Amino acid sequence: MLRKMMGGVAVAAVLLAAGMATAQDFSAERISNDIRTISADEYQGRYPGTEGERMTLAWLQAQYEAMGLEPGGPDGQWLQPVNLKRFTPVAGAASASWTGPDGVSHPMAVGTDVTLRAISNDGQASISNAPVVFAGYGITAPERNWDDYGDIDVRGKVVVVVPGEPEGELFNGEYDTNYESGAYKADEAFRRGAVGIVTLVPGAGDSPMWQRTVRGATRTRTLTPGAADLEFSMATNHDVALQWATAAGLDMGRLASVGSGAFKAVPVNGVTLSVEAAETIDTLVTHNLLARLPGAERPDETIIYSAHWDHVGGETQHPETPGDDKIFNGAWDNASGTVGVVEMARQLSQAPRPERSIVFAHMAAEEMGLMGAYGYAADPVYPLATTVADINIDMLPLSGPTKDIPIFGKGQNDLEDRLQALAEPLGRYVSDDHMPEQGFYYRSDHFPFARAGVPAIMPWHGWDWVEGGREAGEAAWRAKFGADYHKTSDEWSPELNFTSAVENLTLLYHLGLDLANSEDWPGWKSTSEFAQVRARTDTARQ
């Protein structure tokens, strides 16, 4: 299978390098003009639920109708509604207590001893005397031979975890894995039948770390579509957790071994938790827009090109912004990626009809936490098991030609090998994103697909310039990112350079088209945390 896969990609690469693959003709001028249109002040920063959303989606629909593509949303529509539930704690409604083996109840002050949120979809939590289990990091990673849970049964119980993940190369070294995220830990606890999760903050009640945790604990938050439907989430500090451990007679030396790989979850014997919480709910309705190029031979197998259409809005959302300009136009982030997907569709619609279907997905509310992409993954229009890949475009590169093509999540799946095979004949190479501290792989719309097991790739901005090399490219990128990222200055300019954008779009065109005209199924590498998720649906791809 690998030989067949790489053979097809290599042939496409040779044709591309020789100038023989002429079906595509990406236009830097058209890309620039379209970015100028949807990042104009009239679009109000493209915030979900505003007139800016309506204008953006109308513009997108008009582009796809002009290309002759069909609606790709549910029930033959262009739009997929995404209902975002926003939760705000009811003042005075939250309470929590723990009971020890002696049967004595110990009230805990919400906002001092613990933070507490109802995270179930109804905004209510009422748990009485639930047993407690300490699960270390709360990670089960078979590809790393790591399992914090072991054989313990946590059904109906509360799971206590420490934040983050073990240090070292086993967990990707300087690049974080998905296992460090609170969302993963909640999902794993819920999958095992827990009713709540407690994060143990490694600081005393008067520590700056704990005080920061408390300050942000009552803000309105948006529930991620498809999130684990636990009853509640809680955080507590070292002082309170020590009381539980002491009451249960736990061996503190054993608990200190959570990073060794030998630790297995232990019951906090005789300790139970009781909580009450209530939150008000309001709903913001926003929309993904999907266009579809149906496959000629295997239309039920789908390649997705994605980008988020939204940005962070204008004066209504950010009245505190200094100066007269209060509109966050988002020309780079992400009018550029939005237009990149439209331009990709324009080129692919002019090529011979592919064997598999291709969907062009414009995701909502990425800036609110990838909400549109999570909404799609939770309620997919096309089965995720037979979704071949997601190719995500977020912030096109703005520079002259580059030798490198950085990607988020290098080492995750073999889409990068396919991209490398296309790039190499052109004297280019795939690299990592150079910025492990940013956790970029988990911050754009490809990630909800990856989390659901769909191989996903996101190219980034090259630093290794053809003229000037790495030193010039990195300096220019850092200057641009520092000056304009999520600032009102992120506006269209005739000086924007789309040379590298056209180069990358051309490669992504061939990557997607090669997949669309093959029978291959890209896979996750054996060390990826997402391989086990994809494996659950292997039979659907037989």
Side-chain angles (χ1 to χ4, degrees), residues 16-17 19-43 45-46 52 55-69 289 291 293 305-309 311 327 329-351 358 360 362 391-403 405 422-423 426 428 459-462 465-468 473 476-477 480-481 483-485 489-513:
L16 176 60
M20 296 172 62
T22 57
Q24 49 73 36
D25 183 22
F26 289 94
S27 165
E29 181 180 7
R30 186 165 53 234
I31 290 169
S32 179
N33 288 338
D34 286 349
I35 291 172
R36 183 180 187 179
T37 296
I38 64 171
S39 65
D41 283 356
E42 303 93 89
Y43 283 71
R46 302 189 307 280
M55 292 176 65
T56 303
L57 297 178
W59 182 86
L60 286 168
Q61 181 174 332
Q63 305 308 303
Y64 288 117
E65 287 176 339
M67 295 175 207
L69 295 191
L289 184 143
L293 181 62
Y305 286 93
S306 61
H308 72 93
W309 57 258
H311 197 52
I327 297 176
N329 301 79
W332 191 22
D333 183 16
N334 188 34
S336 68
T338 300
V339 168
V341 169
V342 171
E343 185 69 7
M344 185 69 67
R346 182 173 288 112
Q347 303 308 315
L348 286 167
S349 67
Q350 295 170 6
I358 303 177
F360 307 94
H362 296 273
I391 302 170
N392 190 54
I393 304 175
D394 195 340
M395 301 170 63
L396 287 174
L398 304 175
S399 74
T402 69
K403 290 180 280 187
I405 313 162
L422 289 165
L426 304 175
R428 304 187 71 194
W460 195 229
H461 301 254
W465 286 7
V466 171
E467 297 184 7
W477 185 88
K480 171 68 174 172
F481 193 79
D484 295 333
Y485 179 70
S489 57
D490 182 9
E491 300 191 35
W492 176 86
S493 164
E495 304 304 316
L496 295 176
N497 187 343
F498 294 100
T499 303
S500 57
V502 168
E503 287 184 335
N504 281 10
L505 287 170
T506 301
L507 286 174
L508 297 181
Y509 168 94
H510 288 280
L511 176 64
L513 194 59

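Every value quoted in this text rests on a predicted model; they were computed, and no experiment measured them.
Atom OG of Ser336 and atom CG of Leu398 lie 6.0 Å apart (nearest 0.5 Å). The distance from the CZ atom of Arg346 to the CG atom of Asp34 is 6.0 Å, given to the nearest 0.5 Å. Atom OG of Ser306 sits about 8.0 Å away from atom CD1 of Ile393, to the nearest 0.5 Å.
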>> Show, in sequence, the C-alpha distance, side-chain angles and deciding distance for Val502 and Ile31, and conclude whether the side chain to side chain contact (heavy atoms under 4.5 Å, CB included) test is met.
In response: CA-CA 9 Å; Val502 168; Ile31 290 169; 4.3 Å; yes
> When you look at Asn329 and His311, which way does the side chain to side chain contact (heavy atoms under 4.5 Å, CB included) test go after all the steps?
Replying inline: CA-CA 7 Å; Asn329 301 79; His311 197 52; over 6 Å; no
>> Before you tell me yes or no, could you show the steps for Trp492 and Thr37 under side chain to side chain contact (heavy atoms under 4.5 Å, CB included), namely the whole-Å CA-CA distance, both residues' side-chain angles and the distance that decides it to 0.1 Å?
In response: CA-CA 9 Å; Trp492 176 86; Thr37 296; over 6 Å; no
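In this structure, Leu69 and Ala291 approach most closely via the heavy-atom pair CD1-CB, 4.3 Å. In plain terms, the two heavy atoms of Lys403 and Val466 that are nearest each other are CG-CG2, 4.0 Å. In terms of heavy-atom proximity, Ile327 sits nearest to Gly45 at CG2-N, 3.9 Å. In terms of heavy atoms, Ala351 sits closest to Tyr509 at CB-OH, 3.6 Å. Across all their heavy atoms, Asp484 and Ser489 have their closest contact at OD1-OG, 2.7 Å. Nearest heavy atoms, Pro397 versus Asn504: CG-ND2, 3.7 Å.
Between the side chains of Asn497 and Ser399, no donor N or O sits under 3.5 Å from an acceptor N or O. Between the side chains of Ser500 and Thr402, not a single donor N or O lies within less than 3.5 Å of an accepting N or O.
Between the side chain of Ser39 and the backbone N or O of Ala331 there is no donor-acceptor pair closer than 3.5 Å. A donor-acceptor pair under 3.5 Å links the side-chain atoms of Arg46 to the main chain of Gly330, judged by distance alone. Under the 3.5 Å distance criterion, the side-chain polar atoms of Asp490 are matched with a main-chain donor or acceptor of Asp333. Of the possible polar contacts, one joining the Tyr305 side chain to the Leu508 backbone as a donor-acceptor pair under 3.5 Å is found. Ser32 places no side-chain N or O within 3.5 Å of a backbone atom of Ala28 that could act as its donor or acceptor partner.
Residues Asn334 and Trp309 form no side-chain contact, since every pair of their non-hydrogen atoms from C-beta on lies 4.5 Å or further apart. Contact annotation: the side chain of Phe360 never approaches that of Val342 to less than 4.5 Å [non-hydrogen atoms, C-beta and beyond]. Between Leu60 and Thr338 the shortest side-chain heavy-atom distance falls below 4.5 Å. Contact of the Leu507 side chain with the Arg428 side chain is registered, since non-hydrogen atoms from C-beta on lie closer than 4.5 Å. At a threshold of 4.5 Å between non-hydrogen side-chain atoms, the residues Leu505 and Leu396 count as touching. The shortest side-chain heavy-atom distance between Glu29 and Phe498 does not fall under the 4.5 Å cut-off. The closest side-chain heavy-atom distance from Trp460 to Met395 is below 4.5 Å. Residues Phe481 and His461 form no side-chain contact, since every pair of their non-hydrogen atoms from C-beta on lies 4.5 Å or further apart.
Applying the ring-ring contact (aromatic ring centres under 6.0 Å, His included) test to Tyr64 and every residue at least two apart in sequence or in another chain returns His362.
Remark: Arg36 CZ is loosely packed, at most 12 non-hydrogen atoms of other residues, nucleotides or ligands lying under 6.0 Å away.
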